[in-house]
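When a ligand or atom number is given, it counts from 1 through the structure's own listing order.
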Amino acid sequence: MKKTINKKSILTVLLAVMLMLSVVACGSKKEDTAKEKETEAKKETEEKTEKETEEKTEKEAETEKSADATTGKALEDGVLDLGTNAAFPPYEFYEGEKIVGIDPEIAQAVADHLGYKLKIHDMEFANIIASIESGKVDGGIAGMTVTEERLESVNFSNSYATGIQSIIVTLDSDIEGPDDLAGKKIGTQFGTTGDFYAQDDFGEDNVQSFDKGADAVVALNAGKVDAVIIDNEPAKSFAAANDNLKVLETNYAVEDYAIALTKTNDALLTEVNEALTALRENGKLQEIIDKYIKAE
Ligand code: GLN
């Protein structure tokens with residue numbers, strides 16, 4: 001009995017020890033897992049923080065980069081106000097309520113580059129220069145041709161596109177080029193270079209100017225004028241919309257389009273030119289033009 005008891009107690013002790021050991025083992029295993037988990041989580045957090053810092057640094061670098069470009073100090077209110085005449089496709093026209101086209105997109109890219117907000121003001125083309133002079137707007141972007149006369153009133157940025165003055169006639173017209181315009185009735189858009197050249201070359205009496213290019217085209221369709229002199233891209237748009245009209249191959253004049261800017265802020269001119277150069281170099285300028293003017 002004693003023996004049995006002894007055996008039993010030994011067994012009990014052994015069992016108890018085994019149980020304890022297993023508990024301890026289990027516990028330490030649990031502890032280990034918890035520790036591992038903690039280390040893992042710590043590592044993860046560290047990695048995340050590292051990533052965040054990296055992202056932040058990238059963002060900071062970007063901000064710094066645009067801060068570099070943001071020589072945008074010339075305009076105290078941080079808003080680039082530009083006048084346009086949104087009846088000049090594909091440079092500027094309405095798509096629903098929105099003014100779209102080459103010029104607004106270039107203006108937006110310039111403003112973005114300089115860290116300015118952009119505000120486009122739609123007005124008569126002939127009022128743009130006066131609005132710049134009176135300080136209503138900082139400048140104008142409107143397929144505007146650089147001329148000596150305008151340079152007396154405004155600064156011009158470097159040119160961003162070439163403009164051509166074209167002649168639109170009816171399909172059955174005998175007018176084949178500028179030489180045939182002598183003695184004919186010519187329709188133009190008031191205050192544009194086409195209007196000025198036509199008056200100089202063919203006499204005021206032979207030129208009828210309209211507020212809108214589209215109105216000159218209506219007059220041509222109605223037989224009230226024999227030809228319309230207007231910039232080539234809108235000319236192509238107008239002719240495409242009128243089966244009865246064609247644009248002559250012969251150019252009447254070749255000119256440079258640029259952004260007109262107030263003469264009272266030379267720093268703005270420097271900034272806009274710097275932005276245009278950057279947009280030319282990174283291909284953005286050409287991308288915008290190609291979006292609206294498809295190669296023929
Ligand atoms: N390029 C022409 C000019 O500057 C016409 C511009 C326009 O009508 N938007 O006079």
Can you tell me which portion of R150 lies within the under-4.0 Å heavy-atom range of ligand 1? Options are side chain, backbone, both, or neither. side chain

Pair E95 + K98, salt bridge at N-O below 4.0 Å: no

Residue M144 vicinity, atoms of ligand 1 by number, heavy atom under 4.0 Å: 4 (O)

Identify the protein heavy atom lying closest to atom 8 (O) of ligand 1, giving its residue, its atom name and the separation to 0.1 Å. Q189 OE1, 3.1 Å

Interfacing atoms of ligand 1 (cut-off 4.0 Å, heavy-atom, Y257): 1 (N)

Quick look: D231 vs ligand 1, heavy-atom contacts under 4.0 Å, and the answer is side chain

Does at least one non-hydrogen atom of G143 fall below 4.0 angstrom from an atom of ligand 1? yes

Within the 4.5 Å heavy-atom criterion, are T145 and D256 side-chain neighbours or not? no

Give me the ring orientation class for Y160 and Y257: parallel if the planes are under 30° apart, tilted from 30 to 60°, perpendicular past 60°. tilted

Is ligand 1 less than 4.0 angstrom away from at least one heavy atom of N85? no

What protein heavy atom is closest to atom 7 (C) of ligand 1, reported as residue, atom name and distance in Å? F88 CE1, 3.3 Å

Ligand-residue contact atoms, ligand 1 with T192, heavy atoms, under 4.0 Å: 5 (C), 8 (O), 10 (O)

With a 4.5 Å cut-off on side-chain heavy atoms, are E255 and Q165 touching? yes

Distance col, row E233:CD vs Y292:OH, nearest 0.5 angstrom, shows 13.0 Å

If you define the side chain from C-beta out and look only at heavy atoms, does anything of L261 sit under 4.5 Å from V154? no

Would E176 and T250 count as a side-chain hydrogen bond (donor to acceptor under 3.5 Å, both in side chains) if you check the C-alpha gap in whole Å, the side-chain angles of each, and the deciding distance to 0.1 Å? CA-CA 8 Å; E176 286 173 1; T250 338; over 6 Å; no

May I ask you to list the atoms of ligand 1 that are less than 4.0 angstrom from any heavy atom of A142? 6 (C), 7 (C), 9 (N)

